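Just so we're clear, the structure is a prediction, and the values are computed from it rather than from any experiment. In listed order, ligands and their atoms are each counted from 1.
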Amino acid sequence: MSRVPPPWPPVEVETAHRHPDAPPPGTKFGPHYAHCFGCGDEVEHGLHLQTEAGEGTAIHAQFTVTEAHQGAPGLAHGGLLACAFDEALGVTVGQQLRRPAVTGRLETDFLAPVPVGSTLHIVGTLDGIAGRKVYASAEGRLDAPDGPLALRARALFVIVDFRHFVEHGRAEDLRAVAENPSLLRQSRFDINP
Ligand SMILES: CCCCCCCC(=O)SCCNC(=O)CCNC(=O)[C@H](O)C(C)(C)COP(=O)(O)OP(=O)(O)OC[C@H]1O[C@@H](n2cnc3c(N)ncnc32)[C@H](O)[C@@H]1OP(=O)(O)O
């Protein structure tokens, strides 16, 4: 079977430029929501993904695989690795475009096993934009920024209105945020930048 992936992006796109207010390279973002499984600081066995702005539209992300992330003995669960890419690419889109967006499609190539104790170094970039559709991709390397390539991911994010979150989120969690806004650890993006 061929391992050659289909053309990317799959449609004609315009170049996705970083927003003028996107944070400069080296800026560390911290979690965006206390209870986010990808980055939240109040999720005991979450990924605690650390993210930082890179050059151009790049985002650098890291997380260390713990015992709680196993799929097979001593190896990371593939779904959690995909989650790390979803989060890293979500930060890439959110921070570099400064627009709220959700994952519409995420594909992941698992190229090498990722043992417990490894640190995955992920770099995500924007590949193009077509209307509300934003294409982004990422690579993940083991234990160092130039370590062995372990994963690749490609994703379509769809830009949404903030109503998406208010209309679909569970009422008690929305209430908790209304009562304690600091659960949202970062300020809101521009809606019409
Ligand atoms: C800083 C923040 C970090 C956060 C990181 C984590 C990010 C996440 O995990 S978000 C959570 C997971 N994602 C979701 O829950 C999204 C669930 N899906 C939805 O709500 C909707 O399907 C949504 C919003 C994606 C699209 O719906 P809607 O707004 O009605 O737009 P719709 O017209 O269907 O799609 C827009 C375009 O995207 C395309 N599209 C949407 N989904 C797909 C897909 N799976 N594959 C291919 N194309 C797609 C459509 O074909 C359409 O294209 P065109 O404009 O050319 O016709």
Residue selection (non-hydrogen contact nearest atom 3 (C) of ligand 1) among H32, R105, R132, E107: H32
Identify each donor-acceptor pair in which a side-chain atom of residues 45-65 lies under 3.5 Å from a protein atom, sequence neighbours left out, and give them as a table.
residue	atom	partner	partner atom	Å
H48	ND1	G40	O	3.2
H48	NE2	V43	O	2.9
H48	NE2	E44	O	3.3
Q50	NE2	H48	O	3.2
E52	OE1	K28	NZ	2.9
T57	OG1	L126	N	3.1
T64	OG1	T119	OG1	2.9

Contact partition for L89 relative to ligand 1, non-hydrogen atoms under 4.0 Å: neither
Pair up each side-chain donor or acceptor in residues 145-155 with any protein partner under 3.5 Å, not counting sequence neighbours, and list the distances.
residue	atom	partner	partner atom	Å
R154	NH1	P6	O	2.9

Q186, K133, E167: member with heavy atom nearest to atom 53 (O) of ligand 1: K133
Those atoms of ligand 1 less than 4.0 Å from some heavy atom in V160: 24 (C)
Minimum side-chain heavy-atom gap E139-V123 below 4.5 Å: no
Ligand 1-proximal atoms of H168, by part, heavy-atom distance under 4.0 Å: neither
Side-chain (R18) to main-chain (P23) donor-acceptor, under 3.5 angstrom: yes
Heavy-atom side-chain proximity of S118 to R141 below 4.5 angstrom: no
Numbering as shown, the atoms of ligand 1 that approach G104 to under 4.0 Å (heavy-atom distance): 44 (C), 45 (N)
Any side-chain heavy-atom pair of P100 and F165 under 4.5 Å: yes
V11, portion touching ligand 1 at heavy-atom distance under 4.0 Å: neither
Proximity to ligand 1 by part of Q95, non-hydrogen separation under 4.0 Å: neither
Interfacing atoms of ligand 1 (cut-off 4.0 Å, heavy-atom, H164): 20 (O)
Any T103 side-chain heavy atom under 4.5 Å of F85 side chain: no
Shortest reach to atom 8 (C) of ligand 1 by a heavy atom, considering only T103, I59, T51, I159: T103
